[in-house]
Amino acid sequence: MTAMLSVAELGHTYQAKDGAHTAIADLSFTVGAGELVCVVGPSGCGKSTLLRTISGLIRPTHGAISLHGNAVQGVPDDLAVVFQDYSRSLFPWLSVQKNVEFPLRRSLGRAARRARAAEALEWVGLSGATRKYPWQLSGGMQQRVAIARALAYRPALLLMDEPFASVDAQTRFELEDLLLKVKREHDTTVLVVTHDIDESVYLGDRILVLSGSPASVVADLAVDLPAQRDQITTRESEAFVALRAEVARLLNVGKSTKALRAKRKANEQSAAKWAEAERAEVSRAEAEDRATTS
Amino acid sequence: MTRFLQRWGVFAGLVVVWELLTWLADDTFFPRPTAIAEAARALWLSGPADRLFLTDTVFEHVFPSVGRLLAGWGIAALIGVSLGVALGRSATAMQFAGPLLTFLRSIPPPALVPVFLLVFNIGTQMQLATIVFGVLWPILLNSVDGARSVDATKYETSAVFRIPKPQWVLGVVLPAAAPKIFAGLRVSLSLSLVLMVVSELVGTDNGIGSQLLVAQREFDFPDMWAGIVLLGVLGYALNTVLLAFERRALAWQPKQERTPATVED
């Protein structure tokens, strides 16, 4: 399998007046074309930094990322992201159809745009809601719109940042199955960042387990489950349960030694502290990018 | 229909009460509403039928006044929105410009009328300058505020999809800021009316404001009151039109976020 995404010795350190914070230490992995890889790790372990470096929103302090062989410098042309917060990621002043068309305006004419958006909306089962505004839809349907928008863009890599963390359990199951179906039918390469262990096992062809801050890969596990998955039978299968337990063990889930508690607390605190630095860096890198491209 | 009656019933009732009070008091300074209405008709609506009964006074004084008001407000809107959006998207620019803006907006615009009289010629230029300077601030500051309020996720979404800069500004920042911009535009529109009158009270014999002053000096109180009523009607009409426009432009908003029909600024 050819590598669609390759990440080599990636590291990122945020600099500030009162010190530095290493969010990612030394990350290496690849994602093959057509593969769905889940990145799972504790909160505040640098998952969002990883996502932002891959999407080119932040320049890593060392290491290299390449997408289908091209080094990632700035935001790649053919990469799409589905964010956790669909209510903010969608544009409330545009209809569902126009939201999906929005990123296509720079590359496609009106008719092609319209056709592409209609097709993507059909994939996610929203053909009947194209004229509605996002706020008129349920949370799960809004996230479907965001997925359709990403798919219509025909990305080489689809990044998903905790995509189903803000919807209820029932809807999450539906959306997980939707993602698997779309991925299977259109051969999309997907990298899903999640903190939900069950979700990572259910969705993934492979799971990357990240350690706490600074993030590095503790394990790269192949998911030995049939491609066709089912919310009930797959989840009760032995392979699923075993893998789920293995990931949980790697993440020290449920263990509560004094040292672990202290580490978790420290992680959460530093995550909160450095979230600000991270956002600032995103807008700075983007401004530079604009200055050099224009 | 009942809401319409409720809204205007009180208004009509008060006019009737005032009619009775002025009739009882019989004071020259306070003519009866019917006398004011008659004066208004004679002043503005006794013209030839082929001009919709509008008199020369309407063409010579009312329309030029309204024209200056709209032109001044329009120029202020153009400067305010473009400058405001630019400032709102740049933290550094706002750091430098912030104190200056706060200082400038603190100056009462009528205090600058003497300055504008010196710098510009008496007449349209000076009047426009007064209106523009006076009404710019609510639009500018609301635009800054609105442009700033674009959330980080929309920013990152646009960055990831490599939305070109013009599309980002016109397609994301402006619509996101639109509710705040409209709030600024509405405040400024009422202010334009005030400053239009103020700018016509000095050094000119043209416009609704100057006609008011003339009527007062000539002890023509029904005419003076008619002018005041006209200003009220104008303000109401302008606000209604802008509100209707705003409703259309912001039709995408969920209902509970929309501006109610009777809004007090």
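We name chains A, B, ... by the order of the sequence lines, and we start the count at 1 in each one.
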Atom NZ of residue position B/Lys154 - does it have more than 12 heavy atoms of other residues, nucleotides or ligands inside 6.0 Å? yes
So which bits of residues 135-146 of chain B come within less than 4.5 Å of chain A, counting non-hydrogen atoms only? none
Heavy-atom pairs under 4.5 Å with chain A: which of B/Ala152, B/Pro175, B/Gly171 has the most? B/Pro175
Residue pair A/Phe102 / B/Ile163, side-chain heavy-atom distance below 4.5 Å: yes
Would you say A/Glu119 has more than 12 foreign heavy atoms packed within less than 6.0 Å of its CD? yes
Backbone N or O of B/Pro254 within a donor-acceptor pair of the A/Gln136 side chain at under 3.5 Å? no
Hey, mind stepping through A/Trp93 and B/Val172 against side-chain contact (heavy atoms from CB on, under 4.5 Å) and telling me if it holds? CA-CA 9 Å; A/Trp93 50 86; B/Val172 183; 4.2 Å; yes
Nearest 0.5 Å please: distance from the CD atom of B/Glu156 over to the OG atom of A/Ser55. 7.5 Å
Top of A/Asp77, A/Val82, A/Asp85 for chain B proximity - count of heavy-atom pairs under 4.5 angstrom: A/Asp77
With a 4.5 Å heavy-atom cut-off, do A/Pro134 and B/Trp252 have their side chains touching? no
Could you tell me which portion of B/Ala178 (side chain, backbone, both or neither) has an atom closer than 4.5 angstrom to a non-hydrogen atom of chain A? neither
Near B/Phe63 CZ, under 6.0 Å, is it more than 12 heavy atoms from other residues, nucleotides or ligands? yes
Can you tell me which portion of A/Leu90 sits under 4.5 Å from chain B's heavy atoms? Options are side chain, backbone, both or neither. backbone
With sequence neighbours excluded, what pairs up with A/Glu101 under the salt bridge (Lys or Arg N to Asp or Glu O under 4.0 Å) test? A/Arg113
Among A/Arg105, A/Arg106, A/Arg149, side-chain contact (heavy atoms from CB on, under 4.5 Å) partner for B/Phe161: A/Arg149
Find out whether B/Val160 and A/Leu57 are in side-chain contact, i.e. whether some heavy atom of one side chain is under 4.5 Å from a heavy atom of the other. yes
Heavy-atom distance under 4.5 Å to chain B: side chain of A/Pro155, backbone, both or neither? neither
